[in-house]
Amino acid sequence: IQCKQNMTHLKENDNGDHIIYEVITLEDLDEVNDLLVCEFFRTEPLGNHLGANPDLDVRPWISKVTKPLIEQGVSKVYLS
């Protein structure tokens, strides 16, 4: 996910190493949805057991969940 450079933050973890992360914006919505559909929902146990097809069963509604979360400005992507 490519995010805006001006939203980059630097934080030090317990080991003294730096963690670089950025706040996800609405411009990243399609990439966030693709990541969830392709990586999470394809291996999610309950959906797999029920025979859910992520492209058909998840993609139509996923933005109703991800968009409000992104709009809150609390979702982040870790860069390193």
Side-chain angles (χ1 to χ4, degrees):
I1 298 171
Q2 281 189 316
C3 297
K4 311 300 152 285
Q5 288 300 323
N6 63 349
M7 301 294 278
T8 301
H9 301 276
L10 187 64
K11 183 177 180 180
E12 197 169 285
N13 66 13
D14 293 339
N15 298 329
D17 298 326
H18 289 101
I19 300 170
I20 301 171
Y21 64 93
E22 295 177 344
V23 175
I24 296 172
T25 67
L26 285 177
E27 291 178 16
D28 304 310
L29 181 62
D30 289 339
E31 289 182 78
V32 168
N33 290 345
D34 286 343
L35 177 68
L36 288 170
V37 168
C38 295
E39 299 298 328
F40 175 73
F41 285 102
R42 291 210 189 285
T43 59
E44 190 274 323
L46 181 58
N48 280 342
H49 180 74
L50 297 173
N53 178 326
D55 285 312
L56 299 175
D57 301 322
V58 175
R59 198 171 293 277
W61 58 261
I62 192 70
S63 287
K64 291 178 183 176
V65 174
T66 54
K67 185 178 178 187
L69 294 172
I70 291 172
E71 288 174 332
Q72 291 176 22
V74 297
S75 300
K76 298 173 178 69
V77 61
Y78 290 86
L79 305 173
S80 65

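Model, not experiment: these values are computed from the prediction.
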Q: How does the hydrophobic cluster around Leu56 look, that is, which other residues are in it when side-chain heavy atoms under 4.5 Å mark a link?
A: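 None, because no other hydrophobic side chain comes under 4.5 Å of this residue.
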Q: With sequence neighbours left out, what residues match Leu46 under side chain to side chain contact (heavy atoms under 4.5 Å, CB included)?
A: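 Glu44, Leu50.
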Q: Under the side chain to side chain donor-acceptor pair (under 3.5 Å) rule, collect the residues that match up with Asp55, sequence neighbours excluded.
A: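 Listed in chain order: Arg42, Arg59.
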Q: Partners of Asp57 by side chain to side chain contact (heavy atoms under 4.5 Å, CB included), sequence neighbours excluded?
A: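 Scan of Asp57 (side chain to side chain contact (heavy atoms under 4.5 Å, CB included), adjacent residues dropped) gives Ala52, Asn53.
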Q: Run the side-chain donor-acceptor check on residues 63-71: report pairs under 3.5 Å with partners two or more places apart or on a different chain.
A:
unit_1: Ser63; atom_1: OG; unit_2: Asn33; atom_2: ND2; d: 2.7
unit_1: Thr66; atom_1: OG1; unit_2: Asn33; atom_2: OD1; d: 2.7
unit_1: Thr66; atom_1: OG1; unit_2: Ile62; atom_2: O; d: 3.2

Q: Parallel under 30°, tilted from 30 to 60°, perpendicular over 60°: which one fits the rings of Phe41 and Trp61?
A: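 If you compare the ring of Phe41 with that of Trp61, the planes turn out perpendicular.
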